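Reviewing the structure listed below.
None of the values given here were measured: they were computed from a predicted structure. Residue numbers begin at 1 in each chain, while the letters A, B, ... track the order of the sequences.
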Amino acid sequence: MNYNWDWSVLFCFVEDPVSSCTQPFFYWIVSGFGWTISVAAAAWVIAFSLGSVIGVLRTVENPYLRGFATVYVTIFRNIPLLVQMFLWFFVFPELLPDEAGKWVKRGMPLPEFWTAVVCLGTYTASRVGEQVRAGIEAITQGQRYAAMAMGLRPVQVYRYILLPVSYRIIIPPLTSDFLGVFKNSSLALTIGVLELTAQTRQIEEYTFQGFEAFTAATLLYIVVTAIVMAVMRVVEGRVVIPGMISLGAK
Amino acid sequence: MFENFDFEIIVTSIPFLIEGMGLTLLLTVLAIVGGLALGTVLALCRLAPYRWLSLFAGSYVNFFRSMPLILVIFWFYFLVPFIVGRPVGGFYSVLVAFIMFEAAYYCEIMRAGIQSVRQGQVHAGQALGLTYRQNMRYIVLPQAFRAMIPILLTQAIILFQDTSLVYVVGLRDFLVAADIVANRDNRLMEMFLTVALVYFVMCLAGQLGIRKIQKKFATG
Amino acid sequence: LAVYPAQAQDGSYVMKRIKERGVINMGHREASVPFSYIGKDGKPIGYSVDICLGFIDKIKEAIKMPDLKIKYVPVTSQTRIALMANGTIDLECGSTTNNLTRQKQVDYLAVTFITGTKLGSKKGSGIKEIEDMDGKVIALSLGTTNEKAVKRVMKAKGINIKIVSVKDHPQAWLAVATDRADAYATDDVLLYGLMSKSKDPTKYQVTGRFLSYDPYGIMVPRNDSTYRRLGNVMLADMMRDGRMLKLYKKWFDPGPTNIQMPASATLRKAFEIQALPH
Amino acid sequence: MPMIEMSSVNKWYDDFQVLKDCSTQVAKGEVVVVCGPSGSGKSTLIKTVNGLEPFQEGTITVDEISVGDPATDLPRLRARIGMVFQNFELFPHLSIMENIKLAQLKVLNRTDDESAKRGMELLDRVGLVDQADKFPAQLSGGQQQRVAIARGLAMDPIAMLFDEPTSALDPEMINEVLDVMTALAEDGMTMMVVTHEMGFARRVAHRVIFMDEGRIEEDCTKDDFFGTARGERAQEFLSKILTH
Amino acid sequence: MPMIEMSSVNKWYDDFQVLKDCSTQVAKGEVVVVCGPSGSGKSTLIKTVNGLEPFQEGTITVDEISVGDPATDLPRLRARIGMVFQNFELFPHLSIMENIKLAQLKVLNRTDDESAKRGMELLDRVGLVDQADKFPAQLSGGQQQRVAIARGLAMDPIAMLFDEPTSALDPEMINEVLDVMTALAEDGMTMMVVTHEMGFARRVAHRVIFMDEGRIEEDCTKDDFFGTARGERAQEFLSKILTH
Ligand SMILES: Nc1ncnc2c1ncn2[C@@H]1O[C@H](COP(=O)(O)OP(=O)(O)OP(=O)(O)O)[C@@H](O)[C@H]1O
Ligand SMILES: Nc1ncnc2c1ncn2[C@@H]1O[C@H](COP(=O)(O)OP(=O)(O)OP(=O)(O)O)[C@@H](O)[C@H]1O
Ligand SMILES: [Mg+2]
Ligand SMILES: [Mg+2]
């Protein structure tokens, strides 16, 4: 391959006119990685809490609440994330009253970051919601009856019976969704969050040494995924219900 | 900003967009078919009694699950020509990347599907004298597929939306085509709203269609 | 007893490869107006594309394949280097800035366009020079040489400007249009292009001195001086006999997109200087 | 006043009528067995008593509180009626003791100590004190069902409902559950029991209700039911389940 | 020669020994009932006969073919032994007739017509001709189990294995299945039946095997078993399942 590998672009610390080194681009990658983690983590908080609510609402009896949740899932899951990112960034502020729109665009701290977080969070919430719903539906009707028959109120039935069991069942797909948030956070670059992928692109444009940067990014993704999977396996082991062979086998 | 919404740009770019949609659909269908086939084979490997085979399938799946699709496409596109010694062309390179990537996900889905078929069904097929392959073919896989339809659909929708990543290799699917028009003619708002609407309608139609098929299976 | 063109080809691995494949792979951009973009019929057109087509004619002569096929390979700013490195494209016709860092990875033909960073903003914003931006918001697109330039000036002059990074030029323009940013700093030619295509061009302005020097060039694979010389010969000829300026007028003055950018004195000088004699 | 009173209850699933004009009453301390062919509406009937299944027409009162009245606080009423299901329905993620404590803590607002103490008393009564810290999946079916009964009793209910409590059990485990139920009946608990265990009915029940196609076809004393007073359908049903 | 012969079969799941030194034989035309407490290894024992469960030690032969021998073509052997399961295990995606035809077509390579004809004969025998085109989920449990028996018989087996064929059924449906099985036994079919239905054993079985903790504790004629010759454990077991 006619490519001039030069790993020093990532690690050199002296400005050197002969090699491509103008600054240690390694720092860029570290900073990008930091933003990636921040976006993913903050978005996951939204996705998990909002998704749980949506998932629960999809299983309640009230047709209006159920309808609302269904519409939510339908919209957020059927529009590409990239497009949603654009809509949140450019269209959403225009729909607000003037003052509020201005605040969203300029007033609030880190507008790009929070826009990306909200977009990614609400998008992933539709996924999580579907998982939670599936988890709840996998629990037999009898469990719900038993909980109600003891006098638990609907919220208590979810809080103490349905959700704890449901979360255990859906740990594997939730892990996938979490990794999804992590990977999808790269789309935040389209609205100017300088996360990992954005930084590798910057390095590429500055130095034309893209392969080095991409390799570093790829390795980081793989390492993080491996860590997350390992952690989730431990979590799964921790919450396993004694005597049950496998809850998720349904 | 909506007062001078430029409908004309949408109308004039329709042929260009339709061409893009053609590629989107073609890639989606081929990647689903190929990914499902490869994924099913992988799932069978994962469940096979040979340790090395299930280990291989397991590592394959974990590897691809840990990579963002965009990086997979990227590496395929740039490294494959280097390995085979000549350009392979964007289309074949992304097609292979998509199939191999999706196969990892379909493998997990199929594995869950196969495992959801009760042991009793497997035993019943065996007790009738069906061989391993016949049992898979006539008893297990048909039930697994049916159980998996909703998840397969979700995955298909994701894939349908993900085809836009072909921009990496310079192919033009629907979203990329719209993006090109938007960039070339500076009409972002118009194009992105159109894209949102088109994807929404198509995914919804797909969803409703599948639900119908599912109902038919349920009564059948 | 070797004939001249055969010699030319002998020393060139790129031309050897083109001859073997029977196809030349031309990298082009899709929305880099008016340098290299997709026309209404779906084929790439533009200033750089025209230059490249001239170059390809020369190559055809050199390798004696008059019916050499051209394959158009779309590239982006992320893929152009990789595709050149792995041998997929034989030349890139876009709007790529030629700088010394990048020359570690690729070679360039002679400079065919000169631009630099300026500011695009709404009329009545009171913005003329970068100094007027103090305390305001500027849009910059990711990883461009313009970004570097603006940051350098900010540092040197101690101006405090808030930066909004965006993905590409139209998004940056949209950020200005929706008041997310007060100005967009990029190559002036791009600013004129964006302005000419906005719904109401009279609402916007391009102002300020050049904050950077950005010469564009056709990108070719590294370490093939024979191949590169062939291109430079063609360019020198065009610059010498005025065809280059004509081509420039076709695309920029006023140009199909009505961009209305007469050739600058610097560019004219550059054409003169690069018109090396045989 | 009867403890449970149903009058002219009708219930539909869409077009399909599951309960047809059902009326009956259960006095305090009375044990009533409900039997009938599969799909005849037994489970539905018993679930309407504590409002787990809504019904469209008629009235049901429990301890003089109307179940169908929208103003009734159903969770509060349900807390006073114990219920035991065919598949035990212990909560798999909670230990045996936690299963028994949950509603005491969250519904009756007892303290942790009180609930644990009551739990232990009841586990003792069903003979499972040593299993308190295990999880449901670690117990046999018969043990699980005994825990389920203890869980129902922990709320100090005024009546207990049973929906085929033994039909998911292995034959050897049926008796351990029936023995607990018999003891309960002897203690004077008001009980409504859907079951096919005619031996239990003969020994323990005061009255037997026979249902067919959503209708209460027979509602008479045990002696009448096992005597000759019963109708053709009930006769046929009994002959089916008693011959093997 | 006995039709089925097991000698000194041992089987482990990891460390746990499920079958301990089990030996028995079933002659042609003989009906053997296997009973015992839950978890005693009955299902495992019967599944080793046609190789659904592999075993580690001992030998089993069916019609003089060794089941444990790796050279044996197990699918072919299994095709000659019918098996009926506790949960029916009809294939839910195939109609009743397709369920019965599948193995005839794919294993015996019969033509479509032949298999359909044989299928109809057997559906007639179990009294379900009119259900041929329905799907399993549309039938009651008793009907499904009768179809499962017909499916097994369609292969013209030399022996039939039953694993608790009635324990998932509602009480009123148990007899319709037992009746079919009784008729089968009277026709001279070799049968091994795991069941708790002692009435059936008394009426139909020639021999009764009692298992406990993986061991064959009793293996004697029906009369001996229900007489006084049996051991303590069997006695206790019988008393448990016969009292209610
Ligand atoms: N959610 C439902 N929607 C529609 N029909 C139902 C529903 N639940 C029960 N049914 C129907 O109502 C009838 C009565 O059901 P129910 O469960 O009360 O019968 P059962 O007497 O308890 O039968 P089993 O002995 O099988 O438990 C049946 O025909 C059943 O199919
Ligand atoms: N796949 C397995 N892995 C480990 N242990 C098993 C497995 N299958 C069965 N066992 C154990 O083997 C023992 C015998 O099981 P088996 O199903 O043969 O009993 P059974 O007599 O048929 O009981 P039942 O009357 O409940 O059907 C049980 O203790 C069971 O827990
Ligand atoms: Mg019932
Ligand atoms: Mg068993």
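- Ring-plane geometry between F211(A) and W75(B) is classed as parallel, the angle between the planes falling under 30 degrees on a 0 to 90 degree scale with a further cut at 60.
- Taking the side chain as every heavy atom from C-beta outward, Y221(A) and S66(B) never approach each other to under 4.5 Å.
- Under 3.5 Å, the side chains of N78(A) and Q207(B) contain a donor-acceptor pair of N or O atoms.
- Using a 4.5 Å cut-off between heavy atoms, I151(B) does not touch chain A at all.
- Of the atoms belonging to L204(B), heavy atoms from both backbone and side chain fall under 4.5 Å from chain A.
- Between M191(B) atom CE and F86(A) atom CZ the span is 11.0 Å, to the nearest 0.5 Å.
- In this structure, a donor-acceptor pair under 3.5 Å is present between the side chains of R65(B) and S176(A).
- For F214(A), the parts lying under 4.5 angstrom from a heavy atom of chain B are both the backbone and the side chain.
- When the shell of 6.0 Å around CZ of F56(B) is examined, it contains 12 or fewer heavy atoms from other residues, nucleotides or ligands.
- Y199(B) contributes atom OH, which lies 11.5 Å from atom CD1 of I79(A) (distance to the nearest 0.5 angstrom).
- I75(A) contributes atom CD1, which lies 13.0 Å from atom SG of C203(B) (distance to the nearest 0.5 angstrom).
- Distance check, rounded to the nearest 0.5 Å: CD1 of I70(B) to OG1 of T218(A) gives 11.0 Å.
- Heavy-atom distances place the side chain of L87(A), and not its backbone, under 4.5 Å from chain B.
- For E108(B), no part sits under 4.5 Å from any heavy atom of chain A, backbone or side chain.
- Summarising the geometry, atom CZ belonging to F90(A) is positioned 9.0 Å from atom CZ belonging to F192(B); distances are rounded to the nearest 0.5 Å.
- At a 4.5 Å heavy-atom cutoff, the contact between L188(B) and chain A is made by backbone and side-chain atoms alike.
- T154(B) has its side chain out of reach of E130(A): every pair of non-hydrogen atoms, C-beta onward, lies at least 4.5 Å apart.
- The distance from atom CG of L81(A) to atom OG of S164(B), rounded to the nearest 0.5 Å, is 9.5 Å.
- Residue E99(A) qualifies as open at atom CD: its count of foreign heavy atoms under 6.0 Å is 12 or below.
- The candidate with the highest count of non-hydrogen atom pairs below 4.5 Å against chain A, out of V198(B), L197(B), V201(B), I158(B), is I158(B).
- Interface remark: S186(A) contributes no atoms to any contact with chain B (heavy atom separation under 4.5 Å).
- For F74(B), the part lying under 4.5 angstrom from a heavy atom of chain A is the side chain only.
- Nearest heavy atoms, I222(A) versus M67(B): CD1-SD, 3.9 Å.
- Smallest separation of non-hydrogen atoms from L153(B) and R77(A): CD2-NH2, 4.0 Å.
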